[in-house]
Amino acid sequence: MIRDQKTSAAEWVPRTHDLIKLRLAAAACRGCELYQHATQVVFGDGPKDAKVVMVGEQPGDEEDRKGHPFVGPAGRLLSKAMHEAGLDREKIYVTNAVKHFKFLERGKRRIHAKPNGIEISACRPWLEAELASIEPELVVCLGATAAQSLMGSSFRITKDRGNFFPHRWAKQLVATVHPSAILRLPERYEEEYGLFLRDLRLIAARVKELELAS
Ligand code: URA
Ligand code: SF4
């Protein structure tokens, strides 16, 4: 048989809305090349009845080792900001646009490498399956990779952060910066963290509105 060479997770994604089955199936995904060097797949985490889904870029070094999203430095900053904004992380489903860690080896260190458009598209069927299973009121894109996956490559966080859009896989979508971007700018930390917190407070207010309306 001649195999379809298209780079996509589609053939590994079972037709189910059962998140446990999806998670198990994702471990076998060979939809792009990123599974080859990563320790394990890092699937989304959180309740099936979550009203809000947060989407990051891809697992980092610590996530790759532990098998859970946002458990490293960026995740700790995200948890702190969510707590300050009044968002309960326990009630939110957290995932990534790309499910395997992409990195460059520098001696003993593994340095984050940005996923490209082919990898983001290849992995989108998993994100679509997660969103189809949860049917959230609101999807929050953390950074440009998540926004590119869900809004297309012309979307600009700088222009549209904090604005709410309709979306086919959720009632609404909003984007803000990635917490790693704040950690990468120590000299501007206070300002960038303040803007991030402002976005998360807008999100917390919108979540309350959506809950009242439903
Ligand atoms: N950055 C991400 O985008 N996702 C994670 O899970 C961790 C760091
Ligand atoms: Fe599959 Fe996504 Fe991993 Fe690529 S990154 S192998 S598409 S799960």
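Note that ligands are numbered from 1 as they come in the structure, with each ligand's atoms numbered from 1 the same way.
In terms of the side chain to side chain donor-acceptor pair (under 3.5 Å) criterion, residue partners of Arg76 (sequence neighbours excluded) are, by chain and number, Glu62.
Here Phe101 and Tyr35 keep their ring centres 6.0 angstrom or further from each other. Centroid-to-centroid, the aromatic rings of Phe70 and His178 come within less than 6.0 Å.
A distance of 11.5 Å separates CZ of Phe196 from NZ of Lys80, quoted to the nearest 0.5 Å. Between the CD atom of Gln172 and the CD1 atom of Ile203 there is a distance of 11.0 Å, given to the nearest 0.5 Å. Note: Asn163 CG to Thr176 OG1 = 11.0 Å, rounded to the nearest 0.5 Å.
Residue-level contacts of ligand 1 at the 4.0 Å heavy-atom threshold are Gly56, Glu57, Gln58, Pro59, Gly60, Glu63, Pro69, Phe70, Asn96, His178.
Contacts classified as side-chain hydrogen bond (donor to acceptor under 3.5 Å, both in side chains) and involving residues 13-23 (residues at least two apart or in different chains) are given here: Arg23-Asp45.
With a 4.0 Å heavy-atom cut-off, ligand 2 is reached by the side chain of Trp126 but not by its N, CA, C or O.
Applying side-chain contact (heavy atoms from CB on, under 4.5 Å) to Asp64 and the options Lys102, His37, Arg110, Gln58 leaves one that passes, Arg110. The salt bridge (Lys or Arg N to Asp or Glu O under 4.0 Å) with Glu137 is formed by just one residue from the set Lys208, Arg206, Lys171; it is Lys171.
For atom 4 (Fe) of ligand 2, the nearby protein N/O/S atoms, meaning those under 2.8 Å, are Cys32 SG.
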Trace of the side-chain hydrogen bond (donor to acceptor under 3.5 Å, both in side chains) decision for Ser79 with Arg89: CA-CA 7 Å; Ser79 291; Arg89 182 163 170 175; 2.9 Å; yes

